[in-house]
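I have placed the structure first, in the form of C-alpha cells, so that the comments after it can refer back to it.
These numbers come from the heavy atoms of this one structure, side chains and all, not from hydrogens, waters or symmetry mates. Quantities reported herein were computed from a predicted structural model and do not represent experimental measurements. Chain naming here is simple, since letters A, B, ... match the order of the sequence lines and numbering starts at 1 in each.
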Amino acid sequence: MKYPAQEIELKWQKFWEENKVSKTDLSEPEKKHYGLVMFIYPSGAKLHCGHWYNYAPADTFFRLKKLQGYNIFEPMGYDAFGLPAENFAIKTGIHPQDSTIKNIEEIREQLRRIGTLYDWDHELMTCDPKYYKWNQWLFLKLYEKGLAYRQNAPVNWCESCQTVLANEQVQSDGTCERCHNFVIKKNLTQWFFKITQYAEELLSDLEKIDWPEKTKLMQRNWIGKSYGVELKFRIVDSDEYIPVFTTRPDTLFGVTYVVLAPEHPLVEKLTTVENRQSVLNYIEKVKHETEIERLSTVKEKTGVPLGSFAINPVNNEQVPIWIADYVLFTYGTGAVMAVPGHDERDFEFAKKFNLPIQKVILEKGTKPGDELQKAFVDIGEMINSGQFTGLNSDIGIEKISDYLEAEKIGVRKVNYRLRDWLISRQRYWGTPIPIIHCEKCGEVPVPEKDLPVILPYDVDFKPTGESPLTRNEKFMNINCPKCNSPSRRDPDTMDTFVDSSWYHLRFLNPHIDDAMFDTQLAKKWMPVDTYIGGAEHATMHLLYARFIHKFLRDIGMLDCDEPYQKLRHQGTITNQGAKMSKSRGNVVNPDEFVEKYGADVFRMYLMFMGPYETGGDWSDKGIVGVNRFVNRVYELFNTLSAKVRSIQYIDNIDIDNLTITEKSIYRKTNQTLKKVVEDIEELRFNTAVAALMGLLNELSVLNKVENPKLTFYVLERFAFMLSPLAPHLAEECWQILGKRKSIFEEPVWFTYEKKAIVEDKVTLVVQVNGKLRAAIEVDIDGDEELIKQNAKQDPRVAKFLESKQIIKEIYVKNKILNIVVK
RNA sequence: GCCGAAGUGGCGGAAUUGGUAGACGCGCUGGACUCAAAAUCCAGUGGGGCUCACACCUCGUGCCGGUUCGAGUCCGGCCUUCGGUACCA
C-alpha cells in the first residue's frame, strides 16, 4: 500500500493545530526550551531549499526536545523590511508593503506545509508599526544613554542601491553584498550605535556561551583587541603633536618617519607650501578609492610627504611626516609611527620612497651589520636603542612602556578594531529614525508618547541619492516638540539588523503594546536555548544582537547576559556549486518535491544528504531512497498491525525467553534507539536516518516472528524514533498501533535497555604483522589464553605462523589480536 | 598573503579514544513477479590477480616521508578545493 503522503500529512498538521500541540504555555518555564531559527526574509523569492534545510532539521531537533519533556517554544516570523523588497518595487512599481504582505501570505502557507511546531499565535513581522515602534523606542533609549550619536563620516556608498553600506556589507572584492556593484566612498552625516562601548564584554562573554569555536574566533578577530601604547610625537616648529598607537613600543628607536591617514585633521596644518599641491592631489585621489582598494595588500604602496617633521620622543630625532592610504583614519589614532625595519608595510613603503631603514631588533644568528632583506617582525635582541640596548624585545616592550608612562610621553592603551554600528540608511523600506531636526533646538528626539513614527505609504521611493522620505512633505514637516517651531523629521531609516537584534524577545508576546517586550516572560524564557542559522551571520547579526541584549540588560529589562546560549550553524545548500539565488537562476523550489513525495520524505532527504553543518550541493538523485524507506515503514506497520491489535501496553521483554532471531531484533532495536537519540541530540541527522534504515532492513524478518509482544515493542519504539525525523508518518504509525493519544500531544520517551544492547558474541580481528588474516567469533570478555589458542589454530592464521618465530602478541580485549612474527 | 576546515568507491556519504575502511542510500548488474513495462521484492557490486567455484592473495582513504605491533585517524613536508579575512599600526 503506497503511503498517501498528502492526505496523511495534512491530517496531522490539522490535528496539531486544532489540538494545540504546537501551542506553548509560556507560563510554565520550569523545563523550558526556547528553540529558535533565524526568521525568514520575504524578499520576493519564496521559500527555497535553503530555508527548508534550516527549518526542517531544526524542527527535528526541537521535536526531540519536546519528546524529552521540555516545554518547547518554536516561533516563526518575518524579517520584512529591507532592500530587496524596495529594489523589487523600483523595478516593478509594486509597493514594497503590498509585495511584502503578499509574499508573507505565500510563505506562511509554505512554512505550514513543512510540518514544524511553530506556535503561530506568536508570529510577527518587522514592518508592522506595532513592531518597529519599538525599534524607535530602542533608538531613543540608546540616545538617552549617549549610545546613539550622529557623525559625519566617510561611508561606503553603493551607486546602484543608492544607499550606505556598513563596512561588513562590502565584499572583499569591493562590491556591494546585495547587488554586487562596486562601492565608492562618500561623506554623509550618519547615525551610529556605540557598540564599541561594549567591546570588552562582547569579547569576554564569548566564554560563557556554547557556540561553534569557529564563530567565536571570528567575533574575537572582528572585535580585534590589542594592547599597546599611545604616545605623542611633537612637531618641529609647531605646538601641534601627533598621537600614535603602537603595539610595538620596543621598536620606537627604529622610527624613521611618521604617516598620517589622508583624512587626518592635522594634514592641512602640517603641509608646507611647497607640498600643498601634491598633497591635495593625493587626497583627491584617495577619495575615489574604496576602502577595499586602499587595504589591498597586492596594490603598490602610495603616499606623499607633507614637508614637515616630527620628533621622536625617545631620541629627539627628526623624522619626515607623510600621508599614505595604507593608514586608516578609522583605526587607532589615524596615524602610525613607521618602523620599516620591523613592520612589513612600513618596510615596503620605505623601500619604495627611499626612506631610511633603522634596525633596532636583532634576529638571532644575524649580525647588526647585516642588511635587512625584509622586515624582521619577531622577538629579538634590542640594538641601537639607548639605555634599552641589550634587552630581549619582549621584555623591552614592558620596559619602554614603563619609561614612556614615567616620562609622561605616552600611556598604555587597549585598542579595538571594532567600529561603531552605522545604522542610517537613505532608503524608504525601513524604520523611520525618531528624531526631529529643529533650527533652534538642534536634534530633538520624538517624545515616547508620539511613537510610532509611522512610515507613510504614499512615498516616491525611486532612488535619487537622497532619502525617499525627504520628498514626502507631509511626513517631513513637523513642529519641534520643544519649541513648537516648524521643523523637519530625520528622513533616514534604520538598518534592518536593528530589527533582528531583538526579535527573539518580541516573539514571547508579539501583541504587547505598552512595552518593547514582556519583561516578565523574558526573565523566565531568556536566553534562547538553541539558535540555529547560517554561519554568514557570524560577525553582523550575531554581534549586534549580543550588543542590544547587553544594553537592554543594563537598562533593567533583562536578567541574563547573552541572548543565544547554544548556537549551531547549518551548512549551505548550493546548486551547481553556487549559492542558490534568484539572480543566478539556480533556486530549487521545494514545493514540487513536497507535492511529489510529501514533507517527511523531503525533510528526511535533506537530513540524509550529509552532515548538517556541511551542507552540500543539491541533487535530487537520492530522494527515491528515502521515499522507498517511508513506504516500507508504512507497509510494515499496516502488515503487522493485526498481530498486535490486542496489545496496548507492555512493561518489559524477558530477554531469556527470546529465540535467537528475536533476540537479535530486540538488540538491534535498542542499539538503534541509543544511536538515533544521541545523533539527533548532536544534530547528526544523516547518521540517525541511516541507523533507522538499518533497523528497518533487519526488521524484514519481523513478519515471521510469532511473538506479538516483541513485535509491539519494536514497532512502538520504531515510531518513536521516527517521530522527530518524519513526524507525520510517525503519528500515523502510532495510530495504526492503536494508540489513543498522538505522540506529540502526550510526549512519550523510551530509553534503551542497557542489558539489551550488550552483545554476547563479538568479532575478534586476528592480524599477523599488522595484516588482517582472519576475523573470528568469540565470547565477549572470553578467556584470553583460549582465544589466542583458537586464533592460532585457525588455518587462515596458522599458515602465516608456519616456521616463524612469534616475537610479540598484542591483544586488545574484544577487538583485536595482532601476532608479530619473524 | 594570513587564518580555518576538508580531500575516502561511479555518486552522496559512514567509520568512539589509532584497532575488520566503504555503514546507510543512490546508481549499476543479474534474478523473481508481469503479455510487457513501471513499481515492488531477492541477490551482487572498490581495483587487480587466481580459481569451475567456495576460498585465497594483493593493492587501496589527495601526494611524499615518518611514528607505531597496527594510521582514513597522530607528526613533518607538499598539492588541491571550499570557507573566513583583508596593510589593524
I'd like the [atom1] distance from [M] over to [N], given in whole Å.
N	M	atom1	result
B:G27	B:G84	C1'	36 Å
B:G18	B:U68	C1'	9 Å
B:G72	B:U20	P	10 Å
B:C78	B:C88	P	24 Å
B:A15	B:C24	P	13 Å
B:U61	B:C2	P	29 Å

Show each protein N/O and nucleotides 5-15 of chain B N/O combination with a separation under 3.5 Å, one pair to a line.
unit_1	atom_1	unit_2	atom_2	d
B:G12	O2'	A:M609	O	2.6
B:A14	OP1	A:N686	ND2	3.0

Looking at [options], which one has an atom nearest to any side-chain atom of [X]?
X	options	answer
A:T247	B:A89, B:G19, B:U85	B:A89
A:R632	B:U85, B:C41, B:C87	B:C41
A:K771	B:C59, B:U20, B:C69	B:C59
A:L328	B:C24, B:A89, B:G84	B:A89

Using a cutoff of under 3.5 Å, can you pull out all pairs of nitrogen or oxygen atoms linking the protein to nucleotides 44-49 of chain B, with atom names and distances?
none

Has A:R628 got a side-chain N or O lying under 4.0 Å from the OP1 or OP2 atom of B:C41? no

Going by atom types only, do [X] and [Y] share a side-chain donor-acceptor pair under 3.5 Å?
X	Y	result
A:Y605	A:N627	no
A:Y282	A:T302	yes
A:D620	A:Y597	no
A:E200	A:Y416	yes

Looking across every strand, which nucleic acid part, if any, lies under 4.0 Å from [X] by heavy atom: base, sugar-phosphate, or nothing?
X	result
A:R220	nothing
A:N697	sugar-phosphate
A:V626	nothing
A:V765	base
A:K2	nothing
A:N818	base

Using nucleotides 54-56 of chain B, report all nitrogen or oxygen pairs with the protein that are shorter than 3.5 Å.
unit_1	atom_1	unit_2	atom_2	d
B:C56	O3'	A:K799	NZ	3.4

On RNA chain B, more 5' by nearest nucleotide between A:Y331 and A:L217 is A:L217

Can you tell me whether the base of B:G9 sits syn or anti, using the 90° cut around 0 to define syn?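 Syn, angle within 90° of zero.
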
Those residues that, when tested against [X], pass side chain to side chain donor-acceptor pair (under 3.5 Å) (two or more places apart):
X	answer
A:E595	none
A:K351	none
A:Y227	A:K225
A:E230	A:K413

Atom pairs under 3.5 Å, N or O on each side, protein against nucleotides 29-32 of chain B: can you list them with distances?
none

How does RNA chain B look in dot-bracket notation if pairs are Watson-Crick or G-U with both distances under 3.5 Å, crossing ones as [ ], other-strand ones as |? (((((((..(((......[....)))((((((.......))))))((((......))))..(((((..]....))))))))))))....

Would you list the atom pairs, donor with acceptor, under 3.5 Å between side chains in residues 767-779 of chain A and any protein atom, with sequence neighbours excluded?
unit_1	atom_1	unit_2	atom_2	d
A:N769	OD1	A:V821	N	2.9
A:E777	OE2	A:T763	OG1	3.4
A:D779	OD1	A:K761	NZ	2.9

I'd like to check the ring-ring contact (aromatic ring centres under 6.0 Å, His included) partners of A:Y752; sequence neighbours left out, ordered by chain and number.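 ring-ring contact (aromatic ring centres under 6.0 Å, His included) check on A:Y752 returns nothing, list empty.
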
Kindly write out the residues that satisfy ring-ring contact (aromatic ring centres under 6.0 Å, His included) with A:F718, not counting sequence neighbours, or none if the list is empty. none

Just one of A:I242, A:T251, A:V259 clears the side-chain contact (heavy atoms from CB on, under 4.5 Å) bar with A:M337, so which one? A:T251

Do the side chain of A:K815 and the base of B:U17 come within less than 3.5 angstrom through a donor-acceptor pair of N or O atoms? yes

